Amino acid sequence: MKPTMRALVWALASLQSLAVALTIAEINGNRFISPYAGQTVTNVTGLLIAKGPSGIWIRSTTPDRDPATSEAIYVYSSSVGAKLSVGDIISMDGKVSEYRSSESYIYLTEITSPKNVQVLSSNNTVKPLIIGKDTFSPPTVQYSSLDRGDIYSVPNAVANISEVNPVLQPSKYGLDFWESLSGELVTVRKPKVIKTPNKYGDTWVYGDWVVSGKNSHGGLTMTNKEAIIIGSPLDGTKNPTTSKMGDQLEDIIGVVQQAYGFYSILPLTAVKVKVNASVAASPTSLRSRGQCNAITVGSYNVQNLAPTSAHLPKVAAHLVNYLHTPDLIFIQEVQDDSGPTDDGVVSANATLTALTNAIYELSKVKYSFASVDPAPGNLDGGQPGGNIRQAYLYRPDVISLYKPNQGGANDATQVVPATKSKGSTVTGPSLSFNPGRIEPASDAWKGSRKPLAAAWTAKKAKKPFYTVNVHWSSKGGGTSLHGDIRPPINGALNVRITQANVTGTFISKILALDPSANVIAAGDFNEFAFVQPMKRFSSVSKMVDLDEVAGIPANERYTYAYDMNAQALDHMYVSPAIAKTRSVKFEHVHVNAWAAYDDVVSDHDPSVALLNLCGN
Ligand SMILES: *[C@@H]1O[C@H](CO)[C@@H](O)[C@H](O)[C@H]1NC(C)=O
Ligand SMILES: *[C@@H]1O[C@H](CO)[C@@H](O)[C@H](O)[C@H]1NC(C)=O
Ligand SMILES: *[C@@H]1O[C@H](CO)[C@@H](O)[C@H](O)[C@H]1NC(C)=O
Ligand SMILES: *[C@@H]1O[C@H](CO)[C@@H](O)[C@H](O)[C@H]1NC(C)=O
Ligand SMILES: *[C@@H]1O[C@H](CO)[C@@H](O)[C@H](O)[C@H]1NC(C)=O
Ligand SMILES: *[C@@H]1O[C@H](CO)[C@@H](O)[C@H](O)[C@H]1NC(C)=O
């Protein structure tokens, strides 16, 4: 149909004179866009099933038998409900409209400008449809026929639902399922919260239907198609903002509505927590032996950490109480000494000193730190003025920099072949700047964080080991998984693919000199392990995903909660030499992804590994 559908919508919009009597199913049609969009309709008859602040929802009194055509519709008008009650059967004239507030959203089919509203009878029974019992269960495999079998497939943005306007297959595709219930009053039985609500109290849940990716805390890990967001209650009450992943709610009754880019259920009244999930996170079970055969390595995106950040002592407490002061910690999102103040300061000495002091206060463990300040001018992205960068905290009693040579912002560290140095028991390739940044002048890092490389020796090791601490570009600019654009846009995908290549190429140079070198790349890759950037990184570098090596169950691989998915943006990749040692262990420590608002310290969970870095 190409551009014709949209043209058709507008062509119909001009046929104002045409006025027809239609059932609600006929108005909705069996596709996303109404075949009558823009037309005036008369004598639309339905049972008033719910009232909201800006309109009412009515359900057909003459339903058809086609599950693809919704029997209910929203009537947008702040005055229409004033003299009407739930249970009234009414008829009205109006105009069929397709509404969306952003061009990346799916349209909502609604009736606007209602006129000649007649009450035909009152006090009729209103029964919600129980999702999964009176309807199909939400499909678990695909969102849309237009995703070509993979929601992250590339190229993306090749089709728009509003233009292709496919026939709904509600038993097969997630978006089709909810669209086929647009405007309906439904019940979600035994709803479970899968993420801390947003600040408005909008809460992602699933009900007592089959779901995919269920993790041990009750959230859903990549990439479920079955969850629904509970939006603002129709009676003006507010959903709690204190709920969290795994909380059990009382059954929810509400109307299905496309809102703010998602299929939503607007509940009749605020959702209520029935059983609170525990937030007791388990500290890591991994313990360092203080020498090369059992080194603990942590990684934590500490979310815009400045010297005066209120969350700094809590980050320190996580590192002490939940990560057990790993020998080496990859930190991301460290701000400069003046935090977000945009004053030309780039040093993070005060920030890192404050963090290591706070750790010392709690544990008496003394950390040293290593990082490279970015060049002034907000060149690395993130909060303006914050000059975020990666840094290492390390326990100098266990590991030390191998041939240290502090790099500057514009110094590109190079891999240097091993030279025999007298009196040293440790031999291996070194880095020209240690710590140093990888290709800081490359276009790959425009407005983004340069990877921080370092070479180290662990107590009793025969060879150095190498680390690359990354914070690749975020998915900003992407579009919603429930959006109009299919497959959805994975923001900055191509930038991350380039970053994967540059990071991977650097590591490949270490492994070219010593194929059995111990290399660890960790941090916030802002990407999932099964999507192109990580695949490219792995193929260029030959590094392997520690989640795979350590056999972490797929549903437990998450460090972040976003919209309907618990997901892994943070990873640790290791070289083949590390992967093949028997003692590899890895844990994601869920101190934040589950937590209620007040308990969230950072938007990411930390992870910790136990590795043999002796280099035998
Ligand atoms: C309006 O629709 C109702 C129910 O479908 C029907 O009974 C009635 O005759 C219709 N009225 C007009 C004026 O068409
Ligand atoms: C509807 O029911 C209520 C009580 O449930 C009653 O007061 C009212 O008169 C009834 N209205 C009509 C139109 O039957
Ligand atoms: C989809 O819609 C967007 C506007 O949201 C437009 O920019 C884009 O060209 C459309 N894509 C296709 C494939 O038609
Ligand atoms: C659940 O936790 C919240 C926040 O701590 C509390 O206000 C609420 O009373 C608890 N609800 C139940 C049912 O335990
Ligand atoms: C870093 O900060 C510490 C504590 O404030 C101070 O003693 C030290 O001299 C500073 N180092 C640099 C390089 O500025
Ligand atoms: C990958 O990165 C390396 C190092 O920057 C560069 O030399 C090479 O051309 C890049 N390859 C591709 C396909 O972009």
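The first residue in the sequence is number 1, and the count goes up from there. Whatever order the structure lists them in is the order used to number ligands and atoms, beginning at 1. Computed from a prediction, not measured in an experiment: that's the story for all the values here.
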Task: Contact atoms of ligand 6, heavy-atom distance to Glu439 under 4.0 Å - done: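 The list of qualifying atoms is 4 (C), 5 (O).
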Open item on the list: Out of all atoms in ligand 6, which are within 4.0 Å of some heavy atom of Asn501? Include the element for each.
Closed with: 1 (C), 2 (O), 3 (C), 8 (C), 10 (C), 11 (N), 12 (C), 14 (O)
TODO: Establish, yes or no, whether a centroid distance under 6.0 Å links the rings of Tyr558 and His588.
DONE: no
Open item on the list: Can you confirm whether or not the ring centre of Tyr99 sits under 6.0 Å from the ring centre of Tyr107?
Closed with: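 No.
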Task: Residue that, paired with Tyr263, satisfies side chain to side chain donor-acceptor pair (under 3.5 Å) out of His482, Glu179, Gln257 - done: Glu179
Open item on the list: Is it the case that ligand 3 has an N or O less than 3.5 angstrom from some N or O of Ser104?
Closed with: no
Task: Salt bridge flag under 4.0 Å for residues Asp147 and Lys225 - done: no
Task: Distance flag for atom 9 (O) of ligand 6, protein heavy atom under 4.0 Å - done: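 Under the 4.0 Å cut-off, atom 9 (O) of ligand 6 has no protein heavy-atom neighbours at all.
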Task: Flag: protein heavy atom within less than 4.0 Å of atom 5 (O) of ligand 4 - done: no
TODO: Mark the output for Lys272 as yes if a heavy-atom distance to ligand 4 is under 4.0 Å, and as no if none is.
DONE: no
Which heavy atom of [X] sits nearest to which heavy atom of [Y], and what is that distance?
X      : Y      : answer
Arg496 : Phe525 : CD-O, 3.5 Å
Leu168 : Asp176 : CA-OD2, 3.5 Å
Thr241 : Tyr200 : CG2-C, 4.5 Å

- [ ] Show which atoms of ligand 4 fall inside a sub-4.0 Å distance from at least one heavy-atom site of Val273.
- [x]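 Answer for ligand 4: 13 (C).
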Open item on the list: How far is atom 13 (C) of ligand 4 from the closest protein heavy atom, and which atom is that?
Closed with: Lys274 O, 3.4 Å
Task: Shortest protein heavy-atom distance from atom 2 (O) of ligand 4, along with the residue and atom involved - done: Asn276 ND2, 2.4 Å
TODO: Would you kindly specify which portion of Asp484 sits under 4.0 Å from ligand 3, judged on non-hydrogen atoms: side chain, backbone, both or neither?
DONE: neither
TODO: Under 4.0 Å from a heavy atom of Val158: give me the atoms of ligand 3 that qualify, with their elements.
DONE: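 Matching atoms, with element in brackets: 13 (C).
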- [ ] Return yes when atom OH of Tyr152 has more than 12 non-hydrogen atoms of other residues, nucleotides or ligands closer than 6.0 Å, and no otherwise.
- [x] yes
